[in-house]
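Have a look at the structure below, then the notes.
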Number of protein chains: 2
Amino acid sequence: MVEARAWQIVLERIEQDLLSGVLQPGDHLPGERALAAELGVGRSSVREALRVLEVLGLIRTASGSGPRSGAIIVALPGGGMSALMRLQVAAQGFSVDDIVQTRLILETETVSRLAGNPDNRALTVPRTLLSAMDSANLTPEEFLTLDAQFHLSLTEALGNHVLTATMAGLRSSIEAYVQSGLPGLASWPATANRLRHEHRELTDAIAAGNVELARTVIHDHITDYYVETGLAERSGESVPAPAR
Amino acid sequence: MVEARAWQIVLERIEQDLLSGVLQPGDHLPGERALAAELGVGRSSVREALRVLEVLGLIRTASGSGPRSGAIIVALPGGGMSALMRLQVAAQGFSVDDIVQTRLILETETVSRLAGNPDNRALTVPRTLLSAMDSANLTPEEFLTLDAQFHLSLTEALGNHVLTATMAGLRSSIEAYVQSGLPGLASWPATANRLRHEHRELTDAIAAGNVELARTVIHDHITDYYVETGLAERSGESVPAPAR
DNA sequence: GCTCGTATGTGGTCAGACCACAAAGACTAA
DNA sequence: TTAGTCTTTGTGGTCTGACCACATACGAGC
């Protein structure tokens, strides 16, 4: 413990300063050279720690001079969660099955809560995205991007940043798989139309406060595409029904 | 895009090798000097990328010589998720409220699924931990550590690694808060006994296949401690009831 | 054949040197 | 005075080369 690696010393110091309130979102970190001198480590070790903080979404760095330069605390968790999950899927630490299962849990609960407390303002962004998805001249990639934004906007409507970041990470981690499933579809236009219809059905169920219907629709919506593209062929086990 | 930073080049290369199967869990990465030469970047840039991979739980590094040394792909997501969430809470990117809410969602679904498919083997580890918690001469810190392991063991019983890593991250991110709440308790022995009782109640409900009871117990169990320690005082809003 | 010292190569770290860049100040010309 | 330009300064980004501690593999000596 007394023999922590140099970059960990830097990381721990910054974490302590965050917890104690010395560092707040928006604040500048000391310069790399100053930090190195203050902590008695080399500048390269400081940089390794800052690189970690940057990937985790805690800081943003910019070179040059002035108030916009340097390392600034931003605390935007989305990118970090996405990188973590994406790499874990790539390294087979996370299976696509488990990712989909977890997405199913969170998104079912999301629409359940939205329907349980219907608020049309919460559906403004999702409905805008639905309209955008009605355009006939969208490539499958463009459509799927809007699709992802639609699902994420539902979670965002709950206002829970942890949930939002997690959902964003789950989605981006299997984005490559989702795209790779396109050629396996019998007919993209047919699939697109089905997705459009299910999106409307889901949104309407939420607006109507029909919790049960919303849960059923989102469950089928997610699992259908997963199965339809053949992404679920490896694991013979079926996707369980939504809990209650 | 053509002007990616040097460390990102390394990261992308490794991610590509993972996705293409060139790199597999258990494999050794090329040496830092070799990677630097191969990619045309400096060794320090390679190290920044490796540091990120290490924190995210993708690799483990060891110095020295022989088959145990070097950077090895391990893909253990737990540590990375914990670091990410812990730092985001410290930097106020995640609120404790949102963490608890998310934990509530995931853990309610966890016990719900366990109760829906009762399997006594799945409860072996949790029950062992319950016995350990019965020891009279445990410090509050030791008790809370076992408590955390108990909750995590329930999630582990589902066999979903994404869920397990996420739960571990959520828990560790508020560990400091949980510990800091101890002095706010009226009586630790009374609280410990209540926790013991609720744990038994939960385990029995799962074993009996009583989904509704399990959901209710886990909800109250989590929210009670949160409120009891005064950790919820900042936000006046009450914790919502479990969905359905 | 066994033991033990040594050679070798690894990651871990540091110091120093550039570079590109952005801002602030100084300087010049209208 | 004012507008524009140039120079200075300090930042992060990167590379190089140099050590160190460490764990293994090799080989000399017993």
Side-chain angles (χ1 to χ4, degrees), chain A residues 1-14 17 23 26-76 79-80 83, chain B residues 1-14 17 23 26-76 79-80 83:
Chain A
M1 202 60 62
V2 292
E3 286 289 349
R5 293 205 258 164
W7 61 273
Q8 289 176 325
I9 296 175
V10 182
L11 221 46
E12 284 163 16
R13 163 62 170 270
I14 294 176
D17 285 350
L23 288 176
D27 286 356
H28 280 69
L29 260 59
E32 295 177 356
R33 294 164 177 86
L35 216 44
E38 185 180 351
L39 297 177
V41 300
R43 192 183 159 208
S44 53
S45 298
V46 172
R47 299 201 94 250
E48 289 181 22
L50 293 186
R51 203 59 47 232
V52 170
L53 292 177
E54 182 176 348
V55 171
L56 293 186
L58 265 92
I59 63 173
R60 158 185 93 66
T61 62
S63 62
S65 176
R68 296 172 169 276
S69 72
I72 303 178
I73 310 219
V74 293
L76 301 175
Chain B
M1 199 63 63
V2 292
E3 286 290 350
R5 293 205 259 165
W7 60 272
Q8 289 176 324
I9 295 175
V10 182
L11 221 47
E12 284 163 16
R13 163 62 170 271
I14 294 176
D17 284 351
L23 288 176
D27 286 356
H28 280 69
L29 259 59
E32 297 178 354
R33 295 165 178 86
L35 257 180
E38 185 179 351
L39 297 177
V41 300
R43 192 183 159 209
S44 53
S45 297
V46 171
R47 298 201 95 250
E48 290 180 22
L50 293 185
R51 205 56 49 228
V52 170
L53 292 176
E54 183 175 349
V55 171
L56 293 186
L58 264 91
I59 63 172
R60 158 185 92 65
T61 62
S63 61
S65 176
R68 296 172 170 278
S69 72
I72 302 178
I73 306 201
V74 293
L76 300 175

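As rounded to whole Å, 18 Å separates atom C1' of C/dC14 from atom CD of A/Glu38. Per the geometry, CG belonging to A/Leu35 stands 12 Å off P belonging to C/dC14, to the nearest Å.
Across all non-hydrogen atoms, the minimal contact from B/Leu23 to B/His28 is CD2-O, 4.3 Å. Summarising the geometry of B/Ala49 relative to B/Leu11, their closest heavy-atom pair is O-CD1, 3.7 Å, with the distance given to 0.1 Å. Shown here for A/Ile72 and A/Gly26, the closest heavy-atom pair between the two residues is CG2-O, 3.6 Å.
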> What does nucleotides 3-13 of chain D look like as a protein-contact string, B for base, S for sugar-phosphate only, - for none, at under 4.0 angstrom between heavy atoms?
Replying inline: -------BBBB
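The existence of a salt bridge linking A/Arg51 and A/Glu48 is excluded, since no basic side-chain nitrogen approaches an acidic carboxylate oxygen closer than 4.0 Å.
For D/dC15, one of the phosphate oxygens OP1 or OP2 lies less than 4.0 angstrom from a side-chain nitrogen or oxygen of B/Ser45.
A/Ile73 is listed as a side-chain neighbour of A/Leu29, based on a closest heavy-atom distance under 4.5 Å.
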Can you give the donor-acceptor pairs under 3.5 Å from side chains of residues 36-45 of chain B to other protein atoms, not counting sequence neighbours?
from, atom 1, to, atom 2, distance (Å)
B/Glu38, OE2, B/Arg13, NH2, 2.5
B/Arg43, NE, B/Glu32, OE1, 3.0
B/Arg43, NH2, B/Glu32, OE1, 3.0

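Taking the nucleotide of DNA chain D with the nearest heavy atom to each of B/Val41 and B/Gly66, the more 5' of the two is matched to B/Val41.
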